[in-house]
Amino acid sequence: MSDLKRGLSEAVAAAFAAAGLPAELGRVTPSDRPDLADFQCNGALPASKAAKRNPREIAEEVACHLAGDPRLASVEIAGPGFINLRVSDAALSERAGEIAADPRLGAEPVAEPRRVLIDYGGPNVAKPMHVGHLRSSIIGESLKRIYRFRGDTVVGDAHFGDWGYQMGLLIGAVMDEDADIRAMMEDLNAKSDITPQDEAATFAVLDGKITLADLDRLYPLAAARGKTEPDYRDRARKLTAELQGRKPGYFLLWKHFAKVTKVALERDFHALGVDFDLWKGESDVDELIEPMVADLEAKGLLVDDQGARIVHVAGPNETKKKKLPDGTVVVVPSPDPLLVVSSEGSAMYGTTDLATILDRKNTFDPHHVLYAVDQRQADHFEIVFRAAYLAGYAERGSLEHVGFGTMNGTDGKPFKTREGGVLKLNDMIVMTRDKARERLHEADLGSELDPAAFEDTANKVAVAALKFADLQNFRGTSYVFDLDRFSSFEGKTGPYLLYQAVRVKSVLRKAAEAGAQAGPIIVSEPAERDLVLLLDAFDQALIDAYDKKAPNFIAEHAYKLAQAFSKFYAACPILSAEPAVKASRLTLAQTTLRQLEQALDLLGISAPERM
RNA sequence: GCGCCCAUAGCUCAACCGGAUAGAGCAUCCGCCUUCUAAGCGGACGGUUGCAGGUUCGAGUCCUGCUGGGCGCGCCA
């Protein structure tokens, strides 16, 4: 079973071949001119160049070979040599029936399923998630669902940033602020063995003293001091190295940081309908780092440089000019080398990333790893990937950075609240939910629902608004985050999609109450034709989204499908139609709903029963 | 200084190996609820695709240069 586009491509390819021309010219696409055709093939234009013949003449010849195809209502040549195809109502009816009977709603699985790992590029421990984290969560989640739906085995890993310099900064800041904790740390660090009782006692104290709000308050101050005060920075680096060396007190303090952070993260992710298969972090590969460094050394990749140890990843002819602080310009390798061990002996961001690649090879052994991380880290990933390939930790080309743009405010600059701070993700979710309730009341929707169901609907509307606003944009470009616009709920929005889904559900409920039976789909009206053509286009949207790692193709399809349904809904009465037509339209409505909900699910959005 | 990305309607965004008349939503204006949920549907208005060249039968799409904007450039992650 294949979609109309693919089926027709095969027929047109055969027609090109029959005319003595390359079969690959027979590629059929949806028509740019719906007034003239359903599908088109432009192959005669490039063919004319190679064959040195008039393109219209070629198109005519190809059209002759297509003449007997029962699926085609018409084949016409237009313009310089476009082959315009119109599909017969019978063929559309048949295809609609196939989709209706298909649990996968007309979407083909991949030929060879792969093991794919999606790295969400980690929120950092000790920092609450802010709007900037929205994108990696929802893009990563959507990609995971898209890949899974096409048949791959997919694992999503949160990959927390929990093992670097920021932990050293925080340990120092907390001890500076609280002398009791400092004393406790010194006491614990002096011990050679930590008992479970020590651990429990330590956590009992820390639980009452250090909250996420404290960490959130201390971290920016510490980070700022680290930038301007070399002594402060050096101490933080030393503390980082000591933490990584498992100094007992610091290690327990770090565990506490991780714990309070995770509670908040789980709440935020849960509210967004995002879940991870693995809650791993940088710290999980800590014990792999030492043997990995030894391995890199044994492979001759590791070299000393200014007290640090690095891996050169640039090829022999890859250089760039670089201006030194003193103004002289030198030629250096490009990309920059990977810094593996700092002069303090600490593992760096790239070190843990590299070790994580090795860890995944040893455990999940993925064919493909996608990093759903901000575009700004493109250079970093290029360096890490090259190092991984050089060291043999991953198959060349198997690692891919799926970068996305930043989320800006209406002023075009990175998003900030009115007070100039970062908007916490949780606050944003709460705001959007409030807005959803307000809008539901305004439109007098959901008034018959009980409070719990109403709350559930408001939450679904809020999540749909946020996610669709993000996912309708191509991930690579930055976009403007405008809460007022997103929560207006009109036009091309998540709530519009939910509204259409709910309308279908309502009709189907009424049909069931009246005992109406669904039956074979018989396409005749223009609105029915358009709806079936869209149902048929699902597979291509899925392929585009999969190949380009771009959920916006699914978002676009879902929107067009909802729109086509809304037109069908306005033009073609269902319940009042005569029995055969009613049966057909019920199946069509049912199938549309199923595909729409499937597409929404791939975006991480779910529709309520009523609103 | 070097490198990467971006520039499309008043605003926010699309556009399938280069193809016909560059599409949506918002905003503005007009029309449609005694019929299945009007958060809807129909229509109008809105464009020299940043600028200048080039390749091509054909360029928003490819190449070169320029202008404007964003981001990155080993001991943060």
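By convention in this document, chain letters (A, B, ...) are assigned in the order of the sequence lines, proteins followed by strands, and residues within each chain are numbered from 1.
- Whole-Å rounding puts the A/Tyr569 OH to B/C41 P distance at 12 Å.
- Across all strands shown, B/G47 remains unpaired; no Watson-Crick or G-U wobble contact has both distances below 3.5 Å.
- Counting only heavy atoms from C-beta outward, the side chains of A/Asp32 and A/Gln40 approach each other to under 4.5 Å.
- A/Arg503 has a side-chain polar atom (N or O) that falls below the 4.0 Å cut-off from OP1 or OP2 of B/A38.
- No side-chain donor-acceptor contact under 3.5 Å links A/Arg237 and A/Ser343.
- Here, B/C36 and B/C41 have their C1' atoms 14 Å apart, quoted to the whole Å.
- With rounding to whole Å, A/Asn42 atom CG is found 5 Å from B/G19 atom C1'.
- With hydrogens and angles ignored, no donor-acceptor pair closer than 3.5 Å exists between the side chain of A/Asp35 and the base of B/A20.
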Side chain to side chain donor-acceptor pair (under 3.5 Å) assessment of A/Gln377 paired with A/Tyr349: CA-CA 11 Å; A/Gln377 296 191 39; A/Tyr349 180 33; 2.4 Å; yes
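- A donor N or O paired with an acceptor N or O is found under 3.5 Å between the base of B/C17 and the side-chain atoms of A/Arg27.
- In terms of position along RNA chain B, the nucleotide closest to A/Gln472 lies nearer the 5' end than the nucleotide closest to the other residue of the pair A/Gln472 and A/Ser576.
- Using a 4.0 Å cut-off, some side-chain N or O of A/Thr477 falls inside it from OP1 or OP2 of B/A14.
- Residue contacts shown for A/Ser506 include a base, since a base heavy atom lies under 4.0 Å away.
- A/Glu528 contributes no side-chain N or O that, together with a main-chain N or O of A/Cys572, makes up a donor-acceptor pair within less than 3.5 Å.
- The P atoms of B/C75 and B/A15 are separated by 37 Å, rounded to the nearest whole Å.
- Salt bridge A/Lys567/A/Glu525: absent, no basic N to carboxylate O contact under 4.0 Å.
- Separation of the P atoms belonging to B/C16 and B/C62 is 11 Å when rounded to the nearest angstrom.
- When heavy atoms are screened at a 4.0 angstrom cut-off, A/Pro55 is found touching no nucleic acid atom at all.
- With A/Ser48 contributing its side chain and A/Asn54 its backbone, the two residues share no donor-acceptor pair below 3.5 Å.
- Checking side-chain atoms of A/Ser566 against main-chain N and O of A/Gln563 turns up no donor-acceptor pair under 3.5 Å.
- Taking atom C1' in both B/G68 and B/C51, one finds a spacing of 10 Å when rounded to whole Å.
- Base contact: A/Leu440 has a heavy atom under 4.0 Å from a base atom.
- Counting non-hydrogen atoms under 4.0 angstrom, A/Gln40 reaches a base of the nucleic acid.
- In this structure, a donor-acceptor pair under 3.5 Å is present between the side chains of A/Asp353 and A/His380.
- No contact: A/Leu498 has no heavy atom under 4.0 Å from any strand.
- The side chain of A/Gln563 lies closest to B/C41, out of B/U37, B/A27, B/C41.
- Across all strands shown, B/C13 pairs with B/G23; the Watson-Crick or G-U wobble distances both stay below 3.5 Å.
- Rounded to a whole angstrom, the distance from the P atom of B/G53 to that of B/C13 is 30 Å.
- Anti is the classification of B/C41, since its glycosidic angle lies more than 90° from 0.
- Spacing of C1' atoms, B/C45 relative to B/G3, comes out at 44 Å, to the nearest Å.
- When heavy atoms are screened at a 4.0 angstrom cut-off, A/Tyr479 is found touching the sugar-phosphate backbone but no base atom.
- Phosphate proximity of B/G70 to A/Ser478: absent, as no side-chain N or O sits under 4.0 Å from OP1 or OP2.
- With hydrogens and angles ignored, the 3.5 Å screen pairs a side-chain donor or acceptor of A/Asn473 with a backbone N or O of A/Ala469.
- Ranked by how close their nearest RNA chain B nucleotide is to the 5' end, A/Cys572 and A/Ser31 are led by A/Ser31.
- Here A/Tyr559 does not count as stacked on B/A24, because the ring centres are not under 5.5 angstrom apart with planes under 30°.
- Here the separation of B/U67 from B/A52, taken at their P atoms, is 15 Å to the nearest Å.
- Taking the P atom of each, B/U55 and B/G72 are spaced 39 Å apart, rounded to whole Å.
- The phosphate of B/C36 has neither OP1 nor OP2 within less than 4.0 Å of any side-chain N or O from A/Lys505.
- Using a 4.0 Å cut-off between a side-chain N of Lys or Arg and a carboxylate O of Asp or Glu, A/Glu609 and A/Lys505 qualify as a salt bridge.
- Residue A/Lys567 has a polar side-chain atom (N or O) positioned under 4.0 Å from OP1 or OP2 of B/G42.
- Base engagement by A/Asn84 is indicated by at least one non-hydrogen atom pair under 4.0 Å involving a base atom.
- For the pair A/Ser478 (side chain) and A/Gly405 (backbone), a donor-acceptor distance under 3.5 Å is absent.
- Within the nucleic acid shown, A/Gln540 has no heavy atom closer than 4.0 Å to any nucleic acid atom.
- Residue-to-nucleotide contacts include a donor-acceptor pair under 3.5 Å from the side chain of A/Asp32 to the base of B/C16.
- Side-chain polar atoms of A/Asn552 and A/Glu556 form no donor-acceptor pair below 3.5 angstrom.
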Under-3.5 Å N/O pairs linking protein and nucleotides 75-77 of chain B:
residue, atom, partner, partner atom, Å
B/C75, O3', A/Arg237, NE, 3.4
B/C75, O2, A/Ser343, N, 2.7
B/C75, O2, A/Ser343, OG, 2.9
B/C75, N3, A/Ser343, OG, 3.2
B/C75, N4, A/Gln306, O, 2.9
B/C76, OP1, A/Arg237, NH2, 2.7
B/C76, OP2, A/Arg237, NE, 3.3
B/A77, OP1, A/Tyr165, N, 2.7
B/A77, OP2, A/Tyr349, N, 3.3
B/A77, O3', A/Glu282, OE1, 3.1
B/A77, O3', A/Glu282, OE2, 2.6
B/A77, O2', A/Asn124, OD1, 3.1

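- Note on A/Ala571: nothing from the nucleic acid sits closer than 4.0 angstrom, heavy atoms only.
- In this structure, A/Arg135 contributes its side chain and A/Asp374 its backbone to no donor-acceptor pair below 3.5 Å.
- Interface residues of residues 220-230 of chain A facing RNA chain B, ordered by number: none; criterion, heavy-atom separation under 4.0 Å.
- For B/G46, the glycosidic angle deviates from 0 by more than 90°, giving an anti base.
- Counting any heavy atom pair closer than 4.0 Å across all strands shown, A/Phe489 reaches a base atom.
- Base-pair partner of B/G31: B/C41 (Watson-Crick or G-U wobble, both distances under 3.5 Å).
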